[in-house]
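Working notes, beginning with the structure itself.
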Amino acid sequence: MVLISAQPYDYELPDATKVALVVIDMQRDFLEPGGFGEALGNDVTRLQAIVPTLKRLLDAFRDRHLPIIHTLEGHKSDLSDCPPSKLNRGKGNLKIGDVGPLGRILVLGEPGNAIIPALAPLPDEIIITKPGKGAFYHTNLESILRDKGITHLMFAGVTTEVCVQTTMREANDRGFECLLVEDATESYFPEFKQATIEMIRAQGGIVGWTTTAENVLQGLEKIG
Ligand code: C5J
(Lines give C-alpha, C1' and ligand atoms only; values in the text may rest on other atoms or scores of the structure.)
Protein backbone atom coordinates (compact mmCIF):
# COMPACT_ATOMS: atom_id res chain seq x y z
CA MET A 1 0.00 0.00 0.00
CA VAL A 2 1.19 3.50 -0.88
CA LEU A 3 0.15 6.76 0.73
CA ILE A 4 -0.21 9.75 -1.58
CA SER A 5 -0.04 13.09 0.17
CA ALA A 6 -3.46 14.68 -0.41
CA GLN A 7 -6.20 16.74 1.19
CA PRO A 8 -8.07 16.39 3.48
CA TYR A 9 -5.67 13.55 4.41
CA ASP A 10 -3.41 11.00 2.70
CA TYR A 11 -4.95 8.96 -0.11
CA GLU A 12 -4.36 5.21 0.28
CA LEU A 13 -3.54 3.33 -2.91
CA PRO A 14 -3.68 -0.41 -2.18
CA ASP A 15 -1.74 -1.53 -5.25
CA ALA A 16 -1.22 -0.72 -8.90
CA THR A 17 -3.86 -3.17 -10.18
CA LYS A 18 -6.71 -1.20 -8.62
CA VAL A 19 -6.18 2.26 -10.09
CA ALA A 20 -7.12 4.01 -13.34
CA LEU A 21 -6.56 7.52 -14.65
CA VAL A 22 -9.76 9.14 -15.94
CA VAL A 23 -9.09 12.03 -18.33
CA ILE A 24 -12.25 14.02 -18.87
CA ASP A 25 -13.13 15.69 -22.20
CA MET A 26 -9.75 17.09 -23.32
CA GLN A 27 -11.43 17.82 -26.65
CA ARG A 28 -10.93 20.51 -29.26
CA ASP A 29 -14.59 21.47 -28.63
CA PHE A 30 -13.59 22.70 -25.16
CA LEU A 31 -9.97 23.82 -25.67
CA GLU A 32 -9.86 25.43 -29.10
CA PRO A 33 -11.52 28.48 -30.61
CA GLY A 34 -14.49 27.58 -32.80
CA GLY A 35 -15.83 24.77 -30.62
CA PHE A 36 -18.59 24.27 -28.05
CA GLY A 37 -16.78 26.07 -25.20
CA GLU A 38 -16.31 29.22 -27.22
CA ALA A 39 -19.87 29.03 -28.58
CA LEU A 40 -21.02 29.31 -24.97
CA GLY A 41 -19.04 32.53 -24.59
CA ASN A 42 -15.96 31.21 -22.79
CA ASP A 43 -12.28 32.14 -23.14
CA VAL A 44 -11.05 28.66 -24.09
CA THR A 45 -7.34 29.51 -24.09
CA ARG A 46 -7.00 29.24 -20.31
CA LEU A 47 -7.65 25.48 -20.43
CA GLN A 48 -4.44 24.90 -22.43
CA ALA A 49 -2.27 25.45 -19.34
CA ILE A 50 -2.84 21.96 -17.94
CA VAL A 51 -1.80 20.08 -21.09
CA PRO A 52 1.91 19.55 -20.14
CA THR A 53 0.96 18.35 -16.63
CA LEU A 54 -1.65 16.01 -18.01
CA LYS A 55 0.89 14.65 -20.49
CA ARG A 56 3.25 13.85 -17.60
CA LEU A 57 0.46 11.94 -15.85
CA LEU A 58 -0.40 10.06 -19.03
CA ASP A 59 3.27 9.15 -19.55
CA ALA A 60 3.56 7.87 -15.98
CA PHE A 61 0.48 5.66 -16.36
CA ARG A 62 1.63 4.50 -19.81
CA ASP A 63 5.13 3.64 -18.57
CA ARG A 64 3.57 1.39 -15.92
CA HIS A 65 0.87 -0.07 -18.22
CA LEU A 66 -1.84 1.22 -15.89
CA PRO A 67 -5.34 1.71 -17.32
CA ILE A 68 -6.23 5.07 -18.83
CA ILE A 69 -9.78 6.08 -19.64
CA HIS A 70 -10.47 9.08 -21.85
CA THR A 71 -13.96 10.53 -21.97
CA LEU A 72 -15.47 12.47 -24.81
CA GLU A 73 -18.66 14.54 -24.62
CA GLY A 74 -20.58 14.38 -27.87
CA HIS A 75 -23.84 13.52 -29.56
CA LYS A 76 -25.03 11.27 -32.36
CA SER A 77 -25.28 13.08 -35.70
CA ASP A 78 -29.12 13.03 -35.52
CA LEU A 79 -28.92 14.54 -32.00
CA SER A 80 -31.36 11.89 -30.76
CA ASP A 81 -29.31 11.63 -27.56
CA CYS A 82 -29.36 15.38 -26.90
CA PRO A 83 -32.36 16.47 -24.85
CA PRO A 84 -34.01 19.80 -25.77
CA SER A 85 -32.95 21.17 -22.40
CA LYS A 86 -29.30 20.78 -23.43
CA LEU A 87 -29.79 21.73 -27.09
CA ASN A 88 -31.55 24.98 -26.40
CA ARG A 89 -29.50 26.13 -23.44
CA GLY A 90 -27.14 29.08 -23.80
CA LYS A 91 -28.48 31.32 -26.54
CA GLY A 92 -25.09 31.49 -28.27
CA ASN A 93 -24.64 32.06 -32.02
CA LEU A 94 -23.89 28.36 -32.56
CA LYS A 95 -25.85 25.54 -30.94
CA ILE A 96 -25.03 21.84 -30.61
CA GLY A 97 -25.22 20.31 -34.10
CA ASP A 98 -24.65 23.61 -35.95
CA VAL A 99 -21.72 23.80 -38.36
CA GLY A 100 -18.81 25.81 -36.99
CA PRO A 101 -15.15 26.25 -37.93
CA LEU A 102 -14.31 22.81 -36.42
CA GLY A 103 -17.28 20.99 -37.94
CA ARG A 104 -20.62 20.37 -36.24
CA ILE A 105 -20.57 21.56 -32.64
CA LEU A 106 -20.31 18.74 -30.05
CA VAL A 107 -21.16 15.98 -32.55
CA LEU A 108 -19.26 12.68 -32.35
CA GLY A 109 -16.77 12.12 -35.16
CA GLU A 110 -16.51 15.80 -36.11
CA PRO A 111 -12.99 17.31 -36.13
CA GLY A 112 -13.79 19.58 -33.19
CA ASN A 113 -15.06 16.71 -31.11
CA ALA A 114 -11.72 14.87 -31.10
CA ILE A 115 -9.30 14.81 -28.19
CA ILE A 116 -6.54 17.39 -28.75
CA PRO A 117 -3.58 15.88 -30.62
CA ALA A 118 -1.13 16.45 -27.71
CA LEU A 119 -3.17 14.09 -25.51
CA ALA A 120 -4.43 11.67 -28.16
CA PRO A 121 -5.33 8.24 -26.75
CA LEU A 122 -3.11 5.29 -27.65
CA PRO A 123 -4.81 2.32 -29.35
CA ASP A 124 -5.05 0.24 -26.15
CA GLU A 125 -6.66 3.03 -24.11
CA ILE A 126 -10.37 3.16 -23.40
CA ILE A 127 -12.50 5.95 -24.83
CA ILE A 128 -15.93 6.52 -23.31
CA THR A 129 -18.25 8.67 -25.39
CA LYS A 130 -20.93 10.28 -23.30
CA PRO A 131 -23.98 12.42 -24.06
CA GLY A 132 -24.07 14.01 -20.62
CA LYS A 133 -21.78 15.75 -18.21
CA GLY A 134 -21.24 12.66 -16.04
CA ALA A 135 -19.25 9.79 -17.58
CA PHE A 136 -21.45 7.13 -15.94
CA TYR A 137 -24.70 8.42 -17.49
CA HIS A 138 -25.71 6.31 -20.52
CA THR A 139 -22.26 4.64 -20.78
CA ASN A 140 -20.70 1.30 -19.83
CA LEU A 141 -17.97 2.92 -17.72
CA GLU A 142 -19.05 1.27 -14.47
CA SER A 143 -19.03 -2.26 -15.92
CA ILE A 144 -15.63 -1.65 -17.54
CA LEU A 145 -14.17 -0.58 -14.19
CA ARG A 146 -15.80 -3.46 -12.26
CA ASP A 147 -14.56 -6.01 -14.82
CA LYS A 148 -11.02 -4.72 -14.37
CA GLY A 149 -11.29 -4.79 -10.56
CA ILE A 150 -10.60 -1.07 -10.34
CA THR A 151 -11.51 0.59 -7.06
CA HIS A 152 -9.44 3.79 -7.19
CA LEU A 153 -9.83 6.58 -9.76
CA MET A 154 -7.62 9.58 -10.38
CA PHE A 155 -9.35 12.44 -12.21
CA ALA A 156 -8.00 15.05 -14.60
CA GLY A 157 -9.41 17.09 -17.48
CA VAL A 158 -12.02 19.76 -18.09
CA THR A 159 -14.01 21.46 -16.89
CA THR A 160 -13.44 21.11 -13.17
CA GLU A 161 -16.89 22.12 -11.94
CA VAL A 162 -18.91 20.57 -14.79
CA CYS A 163 -17.88 17.22 -16.28
CA VAL A 164 -15.02 16.46 -13.89
CA GLN A 165 -16.99 17.16 -10.75
CA THR A 166 -20.16 15.47 -12.03
CA THR A 167 -18.23 12.32 -12.93
CA MET A 168 -16.35 12.32 -9.64
CA ARG A 169 -19.61 12.55 -7.72
CA GLU A 170 -21.11 9.71 -9.77
CA ALA A 171 -18.01 7.61 -9.09
CA ASN A 172 -18.02 8.41 -5.38
CA ASP A 173 -21.65 7.30 -5.08
CA ARG A 174 -20.69 4.03 -6.76
CA GLY A 175 -18.02 3.35 -4.12
CA PHE A 176 -14.87 4.33 -6.03
CA GLU A 177 -12.12 6.11 -4.07
CA CYS A 178 -11.69 9.32 -6.04
CA LEU A 179 -8.67 11.61 -6.23
CA LEU A 180 -8.75 14.88 -8.17
CA VAL A 181 -5.41 16.06 -9.57
CA GLU A 182 -5.68 19.80 -9.00
CA ASP A 183 -3.09 21.01 -11.51
CA ALA A 184 -4.35 18.63 -14.20
CA THR A 185 -7.87 20.03 -14.23
CA GLU A 186 -9.07 23.46 -15.33
CA SER A 187 -12.14 25.62 -15.66
CA TYR A 188 -13.11 28.68 -17.68
CA PHE A 189 -13.75 30.23 -14.25
CA PRO A 190 -10.79 30.08 -11.80
CA GLU A 191 -13.08 30.73 -8.86
CA PHE A 192 -15.28 27.74 -9.79
CA LYS A 193 -12.21 25.50 -9.99
CA GLN A 194 -11.11 26.59 -6.54
CA ALA A 195 -14.60 26.19 -5.10
CA THR A 196 -14.87 22.68 -6.59
CA ILE A 197 -11.55 21.62 -5.09
CA GLU A 198 -12.65 22.89 -1.70
CA MET A 199 -16.11 21.32 -1.80
CA ILE A 200 -14.74 17.93 -2.87
CA ARG A 201 -12.36 17.67 0.06
CA ALA A 202 -14.59 19.38 2.65
CA GLN A 203 -16.33 17.43 5.40
CA GLY A 204 -13.56 14.82 5.61
CA GLY A 205 -13.46 14.25 1.85
CA ILE A 206 -17.18 14.05 1.17
CA VAL A 207 -16.59 13.40 -2.55
CA GLY A 208 -12.93 12.35 -2.35
CA TRP A 209 -9.43 13.75 -2.16
CA THR A 210 -7.40 16.37 -4.03
CA THR A 211 -3.67 16.48 -4.65
CA THR A 212 -1.01 17.65 -7.11
CA ALA A 213 0.37 15.79 -10.12
CA GLU A 214 3.78 15.75 -8.42
CA ASN A 215 2.34 13.87 -5.44
CA VAL A 216 0.69 11.36 -7.80
CA LEU A 217 3.96 10.85 -9.68
CA GLN A 218 5.83 10.29 -6.43
CA GLY A 219 3.18 7.79 -5.31
CA LEU A 220 3.41 5.90 -8.60
CA GLU A 221 7.21 5.74 -8.22
CA LYS A 222 6.67 3.91 -4.92
CA ILE A 223 4.37 1.29 -6.39
CA GLY A 224 6.92 0.61 -9.13
C1 C5J B 1 -19.07 21.35 -20.33
C2 C5J B 1 -17.40 19.72 -19.77
N3 C5J B 1 -18.50 22.29 -19.61
N4 C5J B 1 -16.60 18.82 -20.33
N5 C5J B 1 -18.49 20.13 -20.48
O6 C5J B 1 -20.10 21.57 -20.93
O7 C5J B 1 -17.17 20.17 -18.66
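Indexing begins at 1, ligand by ligand and atom by atom, following the structure's order.
- Taking distance alone, with nitrogen or oxygen atoms compared against 3.5 Å, Thr159 approaches ligand 1 more closely than that limit.
- Annotation for Glu110 and Arg104: closest pair OE1-N, 3.0 Å, computed over non-hydrogen atoms.
- For ligand 1, the atoms lying closer than 4.0 Å to a non-hydrogen atom of Cys163 are 2 (C), 4 (N), 5 (N), 7 (O).
- Residue Asn93 qualifies as open at atom CG: its count of foreign heavy atoms under 6.0 Å is 12 or below.
- Using a 3.5 Å distance cut-off with no hydrogens or angles, the side chains of Thr212 and Asn215 do pair a donor with an acceptor.
- Here the closest non-hydrogen pair linking Tyr188 and Arg46 is O-CD, 3.5 Å.
- Between the side chain of His152 and the backbone N or O of Asp15, no donor-acceptor pair lies under 3.5 Å.
- Here the protein heavy atom with the shortest distance to atom 6 (O) of ligand 1 is Lys133 NZ, 2.7 Å.
- Listed by atom number, the atoms of ligand 1 under 4.0 Å from Val162 heavy atoms are 1 (C), 3 (N), 7 (O).
- Residue contact check: Asp25 has heavy atoms under 4.0 Å from atoms 2 (C), 4 (N) of ligand 1.
- Residue Glu73 approaches ligand 1 through these ligand atoms, each under 4.0 Å from one of its heavy atoms: 1 (C), 2 (C), 4 (N), 5 (N), 6 (O).
- If you run side chain to side chain donor-acceptor pair (under 3.5 Å) between His75 and each of Asp81, Asn113, Thr129, only Asp81 comes through.
- In terms of N/O distances under 3.5 Å, ligand 1 is not approached by Leu40.
- At a 4.0 Å heavy-atom cut-off, ligand 1 touches Val158 through the backbone alone.
- Residue Tyr188 has no nitrogen or oxygen atom sitting less than 3.5 Å from a nitrogen or oxygen atom of ligand 1, judged on distance alone.
- Within the 4.5 Å cutoff, no side-chain heavy atoms of Val164 are placed close to those of Val158.
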